[in-house]
Every structure is written in structure tokens, then in C-alpha cells.
Amino acid sequence: ERLFLQVPASFGLRPIPRFPPVLEDVALVVDAAVSAGAVTAAIREAGGSLLSDIRLFDVYQGSQVASGQKSLAFSLAFQAPDRTLTDAEVEREKARILAALGERLGARLRG
């Protein structure tokens, strides 16, 4: 009964997309005080309409990143409802996201 009470009275459905997503993984280095939630929110805000999903899949603090910093790795899915995206379109969107993360959070690509 307790589980049943947690089910919403209504929920939305979306049709299965006709066109495949383009998946891109990015590893970002940020200050250790920056939360993964803040980075996810900034990615979502900068991502625009072609960014369909964000998944954090790794958090790393250790000898391969500077002291006081951490690495957050995300899988980004880009998808358009009416076409398959080109590599150039995805690279343009990814560059815009990375620029916004650098400005807002001081994030940079892990090299």
C-alpha cells in the first residue's frame, strides 16, 4: 500500500523517437566544492533543445587531478525529433555547453 501511494495520479508519455541520439562523453575538472547537481543544472540550462539526456557516470578525486579539484564524467545525449544530427551540429552544441560551464563554474575538460 505504501508503494501504491507513491505512484502519481497521472503521468505523461512520449512517443519513441524515430531518430537515434548521438552520445558524447565529457570529463570535466571542477573545484571540489562544486556539486555534481550544479554542473548538471548548468549543462541542462546551456544545452538547448537538442540535449535530450544527461547522466553522471563517474566522480574521481585522486592523483590524476589537482588537489582541491575533482573530475566529473557525464554522458550527454543529443537528439532531434525530425532528423539525425550531424557531427558538426553536436560539436557546436557541446562547445556551447563547455563554454558556459567554463564561465559559470570554472569547469574545464579533463586532459
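Just so it is clear, the values below take in all heavy atoms, side chains as well, and ignore hydrogens, waters and symmetry mates. For clarity, every value in this text was computed on a predicted model and none was experimentally measured.
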Can you find a pair of side-chain heavy atoms, one from [X] and one from [Y], that are under 4.5 Å apart?
X	Y	result
Asp25	Phe57	yes
Leu56	Leu72	yes
Leu98	Leu109	yes
Pro20	Thr84	yes
Glu93	Glu24	no
Val22	Gln79	no
Arg83	Glu89	yes
Lys94	Val26	yes

Check the pair Leu101 / Ile97 against side chain to side chain contact (heavy atoms under 4.5 Å, CB included), numbers first and verdict last.
CA-CA 6 Å; Leu101 291 173; Ile97 291 168; 3.9 Å; yes
Any idea which heavy atoms bring [X] and [Y] closest together, and the distance?
X	Y	value
Ile54	Ile43	CD1-CG2, 3.5 Å
Asp82	Phe19	C-CE1, 3.3 Å
Asp53	Arg55	OD2-NE, 2.7 Å
Gly47	Arg96	O-NH2, 3.4 Å
Leu50	Ala80	CD2-CB, 3.9 Å
Leu105	Ala38	CD1-O, 4.0 Å

Lys70 side-chain N/O to Ser35 backbone N/O, donor-acceptor pair under 3.5 Å:
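Side chain of Lys70 to backbone of Ser35: no pair is present.
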OG (Ser52) and CG (Leu23) are apart, to the nearest 0.5 Å, by 8.0 Å
CZ of Arg92 to CG of Leu85: how many Å apart, nearest 0.5 Å?
10.0 Å
Check the side chains of Arg110 and Ser71 for a donor-acceptor pair under 3.5 angstrom, ignoring hydrogens and angles.
yes
Can you list the steps and then say if Phe74 with Asp58 is a side chain to side chain contact (heavy atoms under 4.5 Å, CB included)?
CA-CA 7 Å; Phe74 292 89; Asp58 187 47; over 6 Å; no
If you draw a 6.0 Å radius around CG in Leu5, do more than 12 non-hydrogen atoms from other residues or ligands fall strictly inside?
yes
Grouping I, L, V, M, F, W and Y whenever their side-chain heavy atoms are under 4.5 Å apart, do Tyr60 and Val29 come out in a common cluster?
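Both belong to a single hydrophobic cluster.
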